[in-house]
Q: 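Input: one structure, supplied below.
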Amino acid sequence: MNPDDVELSNLDKPFFPDAGLSKGDVIAHYRKVADQMVPHLTGRPLTMRRYPDGIGGGGFFQKDASDHFPDWVRVEEVPQRQGGTIHHVVCDDAATLVYLANQATIEFHIWLSTMDALEHPDRLVIDIDPPQGVPVRVLRDVARRLASLYREVGLTPYVQATGGRGFHVAAPLDRSADYEETRELSLALADHVAARDPDLLTTAQRKNKRGDRIFLDVNRNAYGQTFVAPYTLRARPTAGVATPLTWDELSRTEPDGFTPARIARRRKKDPWQDMDDHAASVSKARKALAD
DNA sequence: GGAATAT
DNA sequence: ATATTCCAACGCCTA
DNA sequence: TAGGCG
Ligand SMILES: [Mn+2]
Ligand SMILES: [Mn+2]
């Protein structure tokens, strides 16, 4: 399917009233970022977050592909951990991305593993989740501390602004490890950084144990879990875009600093493009961390 | 956004 | 004919 | 073993 032949509807419907974006603007965003975004979606089970009446109307997550999706949209059977099957969309091309945007999918959330090795993640992600009011320079510093530790244990760190309030520090993996081993490594990395600054950072899930501390969320590193895909537009009033950054750009970028307009102006190759050339071993990283 | 179901 | 409803779920921690 | 959490 040619992405420019996908039938579109209600292009003038307001979707982000504060940011002044219409449904057509959302679709145009995804059309423009497709070349950079699709490689990050390819082969991965996708969860859609759809807002048919804009972000002011109710939204919903959707895993099971709708029956009315056309047959050129790839749908794969994905087993659930405790029995059952989800018929996930796998977005391997620009036409599907545009089609799903016209279905009012604003956010795209993806697995950390691909269809050919569902049990073996090729990404490790630590999600930096601040409470309100933490200065961005502190968040950047936390991202850099994580990155430094990643490098020490042989992982290559990549950062993205989430489009919301925080950053993700991700690393490519060689898929030799399963989710359990990967999650354990991610927790050990986060705990290692948090232990050096226990008044600022925590890995505790429960809100009443966090206080005002920044939550280092490692729970994305599990089967059936997702993280927000690069170049996803967030369904928030500021219309931030999840944006892969160079480590240099991090110093001058807010978590929600990229809007669709600013992304369209940015003429930069995808900072995460060469990620898969740096896939690393979880077991080697675990051994390195133990020293 | 669109199909299925209830009124 | 029109209105309402549905559209997610893993694993870890605490209680 | 159910519920919070993202
Ligand atoms: Mn987050
Ligand atoms: Mn509607």
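Everything numeric in this text was worked out from a predicted model, so none of it was measured.
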Q: Using the side-chain contact (heavy atoms from CB on, under 4.5 Å) definition, which of the options A:P70, A:C91, A:P3 pairs with A:Y99?
A: A:P70
Q: Would you call A:E119-A:R175 a salt bridge at under 4.0 Å N-O?
A: no
Q: Within less than 4.0 Å of OP1 or OP2 of D:dG6, is there a side-chain N or O belonging to A:R210?
A: yes
Q: Is the closest basic N to carboxylate O distance between A:D92 and A:R74 below 4.0 Å?
A: yes
Q: So that I can tick it off, tell me whether A:K269 and A:D274 are bridged by a salt bridge, with the cut-off set at under 4.0 angstrom between side-chain N and carboxylate O.
A: no
Q: I want to check one thing: is the phosphate of C:dG11, taken as OP1 and OP2, less than 4.0 Å away from some side-chain N or O of A:R81?
A: yes
Q: So, is A:K209 near the phosphate of D:dG4, with a side-chain N or O under 4.0 Å from OP1 or OP2?
A: no
Q: Check for a donor-acceptor pair, side chain of A:R165 on one end and backbone N or O of A:P255 on the other, with a separation under 3.5 Å.
A: no
Q: Which sits closer to the 5' end of DNA chain D, A:D127 or A:R206, going by the nucleotide each is nearest to?
A: A:R206
Q: Contact class for A:F60 vs. all strands (heavy atom < 4.0 Å): base, sugar-phosphate, or nothing?
A: base
Q: Base, sugar-phosphate or nothing for A:I86? Non-hydrogen atoms, less than 4.0 Å.
A: sugar-phosphate
Q: If I take atom CD1 in residue A:I214 and atom P in nucleotide D:dG6, what distance separates them, rounded to the nearest angstrom?
A: 15 Å
Q: Quick one: which of C:dA8, D:dG6, C:dC10 gets closest to the side chain of A:Y223?
A: C:dC10
Q: How many whole angstroms separate atom CZ of A:F61 from atom P of C:dC6?
A: 18 Å
Q: Report yes if a side-chain nitrogen or oxygen of A:K23 is closer than 4.0 Å to either non-bridging phosphate oxygen (OP1 or OP2) of B:dG1; otherwise report no.
A: yes
Q: Expressed in angstrom and rounded to an integer, what is the separation of A:D64 atom CG from B:dG2 atom P?
A: 18 Å
Q: Starting from the 5' end of DNA chain C, give me the residue, A:S66 or A:A222, whose nearest nucleotide shows up first.
A: A:S66
Q: Set out, in order, the CA-CA distance, both residues' side-chain angles and the distance that settles side-chain contact (heavy atoms from CB on, under 4.5 Å) for A:D25 and A:F16, then state yes or no.
A: CA-CA 10 Å; A:D25 294 325; A:F16 290 80; over 6 Å; no
Q: Pick the P atom in C:dT5 and in D:dG6, then give their distance to the nearest Å.
A: 28 Å
Q: Starting at the 5' end of DNA chain C, which residue's closest nucleotide do you reach first, A:Y179 or A:N208?
A: A:Y179
Q: Between C:dA8 and D:dG4, how far is it from one C1' atom to the other, in whole Å?
A: 16 Å
Q: Check whether the side chain of A:Q225 and the base of C:dC10 form a donor-acceptor pair under 3.5 Å.
A: yes
Q: If you look at every strand shown and take non-hydrogen atoms under 4.0 Å, does A:N102 touch a base, only sugar-phosphate, or nothing?
A: sugar-phosphate
Q: B:dG1, OP1 or OP2 - any side-chain N/O from A:N10 closer than 4.0 Å?
A: yes
Q: Rounding to a whole Å, what distance do you find between A:L100:CG and C:dC7:P?
A: 19 Å
Q: A:L46 CG to C:dA9 C1': how many Å, rounded?
A: 15 Å
Q: So, is A:Q103 close to the B:dG2 phosphate, meaning a side-chain N or O under 4.0 Å from OP1 or OP2?
A: yes
Q: Describe the nucleic acid contact of A:N219 in one word from base, sugar-phosphate, nothing, applying a heavy-atom distance below 4.0 Å.
A: nothing
Q: Could you state the CD1-P distance from A:I55 to B:dG1, rounded to the nearest angstrom?
A: 15 Å
Q: In whole Å, I'd like the distance from the CD atom of A:Q62 to the C1' atom of C:dA9.
A: 14 Å
Q: Separation of A:D12 atom CG from B:dG1 atom C1', in whole Å?
A: 17 Å
